[in-house]
Amino acid sequence: MHDIRFIRERPDEFDAALQRRQIAPMSRSILKIDSDRRALQAQIQDMQSRRNIVSKEIGALKALGSDSDTLITEVNNIKSKIPDLESKELSLAKALDSQLLELPNILNQSVPAGDNEAQNQLIRAVGNIPKFTFTPKDHVVLGENLGQMNFALGAKLAGARFVVLSGQLAQLERALAAFMLDTHTKKFGYTETLPPALVNRKAMTGTGQLPKFEEDLYKTGDKWLIPTAEVPLTNIVADEITDNTALPIRMTAYTQCFRSEAGSAGRDTRGMIRQHQFSKVEMVSIVHPDESSAELERMTSCAETILQLLELPYRVMKLCSGDTGFSAEQTYDLEVWLPGQDEGRGMYREISSCSNCGPFQARRMKARFRDTKTGDIRFVHTLNGSGLAVGRTLIAILENGQQKDGNILLPKSLHCYMDTDCLLAAV
RNA sequence: GGAGAGAUGGCAGAGCGGUUGAAUGCACCGGUCUUGAAAACCGGCAAGGUAGCGAUACCUUCCAGGGUUCGAAUCCCUGUCUCUCCGCCA
């Protein structure tokens, strides 16, 4: 959400920021509503003030046993006029709110201009792309050869975009989650957290999924299934005022994530790349405004460490203006190398996304901190990042570790979690 | 699911129709004292908004939404959540 005072003071700057998001100027229409509302508000406040004064006088007169009928008439007269003005004021406030809630975050200056992912900026590539003496297979073939990845069964139980893992692959999923959580908690100081997987409308609005992206979400009753643990983790600080001394707050969680994938019909239909349900280890940081830029770099490197420890080659991309998400000021994507994609030619695929949301989410959810020295109360900055998407990591392990015979060599970091260094093909 | 109790400032906790935006304690901030610290003492300290250059004034908010009243933290209704007891249960 945007600061209305910023729009009042610097409407041109605001419109320019919208422009970068391919949105037409809005400051004029927003400020019109805003000034109408404030005029109404001033009028209401004058009446309320008079009402309060007269009511106190009535009280004083009653205490003396004097007659107060004229004053009561006056107050009733004022009161009869207030509700109408209030309802007008309320509808303007709602109009303003609904406009502001649907506008995306202002991009950081450093975000490169661009229409789509093709214009994202390569920051660095890390690790060696494996060379194969044979045409590498994709994870679907590898998983089915292991006899432990069954898409037909997923379809039978739930429908398209579901899978059933079994045996060592099911264990691998659990091993990866444990390995990631252990790394983030022990090495990087994140607090392991197990949040609800269903949340209310308020939480979804706080992080920015609602009101604009309802169609991407699954809903049951009056609750929504989380599309990412970012939602419950970030909303932990909603409506709170924490002392600056408690910052930064760093949390990590392993959860299932649910996405309707409404906008991606036909894309990535093969394999486990894009499922309705997937698991992810998420990192969330709540930080002082001065620290959020550095925290984004730190968080990104936490996610990178996982890839490095798993010996997976990847690259870091800085998202361009057209590819940066609604709530983010700035985003780094980590893309892992998947040698089995594109008929065995291989390609990079997103496996993590680390974003600095600045005060955008904090303002929506009223997450603030108090500077105990100055007494100032300000909005915190929030960041979130995947560390990592577990299903896609599993894919990467299979495709990068594959041998000619269909066996899968596991990275050293996982040996103790898997009690083996290799998955053996069943066929 | 049944029966009761409750929801007040960062926390604990008074208040139960008007002078209460809210006692008191803790925490926090400033100061006195001290070589320094602790203790003690003094002072400050809710949030959001509107108007104003500003001192400041005013409005709203005591879980949320309705209602009663000239006036509601206080009374009534609904919802949400919490606690206690009983039942059921992974």
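None of these values were measured; they are calculated from a predicted model. A, B, ... follow the sequence lines: proteins, then strands. Residue 1 opens every chain.
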**Student:** When rounded to the nearest Å, what value does the distance between C1' atoms of C88(B) and G71(B) take?
**Tutor:**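 Result for the C1' pair: 49 Å, nearest Å.
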
**Student:** For U19(B) versus C29(B), give the span between their P atoms, rounded off to a whole number of Å.
**Tutor:** 34 Å

**Student:** Just the rounded figure in Å: distance from P of C58(B) to CD of Q48(A).
**Tutor:** 14 Å

**Student:** What is the distance, rounded to the nearest whole Å, between atom CG of N200(A) and atom P of A64(B)?
**Tutor:** 16 Å

**Student:** Among C58(B), A47(B), C70(B), which is the nearest nucleotide to the side chain of V75(A)?
**Tutor:** C70(B)

**Student:** Send over the distance from I78(A) CD1 to C59(B) P, rounded to a whole Å.
**Tutor:**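 One finds 12 Å between P of C59(B) and CD1 of I78(A), rounded.
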
**Student:** Name the closest nucleotide to the I241(A) side chain, picking from U50(B), G10(B), C59(B).
**Tutor:** G10(B)

**Student:** Could you tell me how far apart I377(A) (CD1) and C28(B) (C1') are, to the nearest whole angstrom?
**Tutor:** 12 Å

**Student:** Once you apply a heavy-atom cut-off of 4.0 Å, does R8(A) come out as touching a base, just sugar-phosphate, or nothing?
**Tutor:**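 Sugar-phosphate: the residue R8(A), judged by heavy atoms under 4.0 Å, touches backbone atoms but no base.
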
**Student:** Considering only atom C1', compute the distance from C16(B) to A22(B) and round it to an integer number of Å.
**Tutor:**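 It works out to 13 Å between them.
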
**Student:** Need to verify one output field. Residue with the more 5' nearest nucleotide on RNA chain B, T372(A) or I72(A)?
**Tutor:** T372(A)

**Student:** Looking at residues at least two apart in the chain, or sitting in another chain, which of them share a side-chain contact (heavy atoms from CB on, under 4.5 Å) with K202(A)?
**Tutor:** N200(A), D239(A)

**Student:** Rounded to whole angstrom, note down the P distance from G66(B) over to U61(B).
**Tutor:**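 Approximately 11 Å lies between the P atom of G66(B) and that of U61(B).
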
**Student:** Pick the P atom in U74(B) and in G15(B), then give their distance to the nearest Å.
**Tutor:**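 Comparing P positions in U74(B) and G15(B) gives a spacing of 15 Å.
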
**Student:** Donor-acceptor pair under 3.5 Å: do we get one between E240(A)'s side chain and the base of G10(B)?
**Tutor:**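 Answer no: no donor N or O sits under 3.5 Å from an acceptor.
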
**Student:** Distance check, C1' atoms only: U8(B) and G1(B), in whole angstrom units.
**Tutor:** 31 Å

**Student:** At under 4.0 Å between heavy atoms, what does R37(A) touch on the DNA or RNA strands: base, sugar-phosphate, or nothing?
**Tutor:**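 The residue R37(A) makes no contact with any strand.
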
**Student:** Compare the minimum distances between each of C59(B), A47(B), G30(B) and the side chain of S49(A), then state the nucleotide with the smallest one.
**Tutor:** C59(B)

**Student:** Name every residue in residues 359-368 of chain A that has at least one heavy atom under 4.0 Å from any atom of RNA chain B, in order of residue number, or write none if there are no such residues.
**Tutor:** R368(A)

**Student:** State whether D46(A) and R50(A) are salt-bridged, where the test is any N-O pair (Lys NZ or Arg NE/NH1/NH2 against Asp/Glu carboxylate O) under 4.0 Å.
**Tutor:**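 The answer is no: the pair does not qualify as a salt bridge.
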
**Student:** For R5(A) and for K373(A), locate the closest nucleotide of RNA chain B by heavy-atom distance; then report the residue assigned to the nucleotide nearer the 5' terminus.
**Tutor:** K373(A)

**Student:** Using the ring of each side chain (for Trp, its six-membered ring), is H276(A) parallel, tilted or perpendicular to Y218(A), with breaks at 30° and 60°?
**Tutor:**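 Ring orientation, 0 to 90° scale: perpendicular.
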
**Student:** Distance check: side-chain N/O of R370(A) vs OP1/OP2 of C29(B), anything under 4.0 Å?
**Tutor:**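 For C29(B), OP1/OP2 do not have a side-chain N/O of R370(A) under 4.0 Å.
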
**Student:** So, OP1 or OP2 of U60(B): does either fall under 4.0 Å of a side-chain N or O from R51(A)?
**Tutor:**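 Yes.
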
**Student:** With both distances under 3.5 Å as the test, what is the Watson-Crick or G-U wobble partner of U50(B)?
**Tutor:**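 Paired with A57(B).
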
**Student:** Which nucleotide sits closest to the side chain of K62(A): G49(B), G18(B), G30(B)?
**Tutor:** G18(B)

**Student:** Using a cut-off of strictly less than 4.0 Å, decide whether N52(A) has a side-chain nitrogen or oxygen near OP1 or OP2 of G71(B).
**Tutor:**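 Negative; the distance criterion is not met.
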
**Student:** In whole angstrom, what separates N76(A)'s CG from U68(B)'s P?
**Tutor:** 12 Å

**Student:** Is there a side-chain polar atom (N or O) of K56(A) under 4.0 Å from OP1 or OP2 of C70(B)?
**Tutor:**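 False: K56(A) side-chain N/O out of range (4.0 Å or more) of C70(B) OP1/OP2.
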
**Student:** Remember a base hit wins even if backbone is also touched, and classify I58(A) as base, sugar-phosphate or nothing at under 4.0 Å, heavy atoms.
**Tutor:**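 Result for I58(A) = base.
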
**Student:** Does G87(B) have a Watson-Crick or wobble mate here (both distances under 3.5 Å), and if so which one?
**Tutor:**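 In the structure as shown, G87(B) has no Watson-Crick or wobble partner.
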
**Student:** Expressed in angstrom and rounded to an integer, what is the separation of L96(A) atom CG from U50(B) atom C1'?
**Tutor:** 15 Å

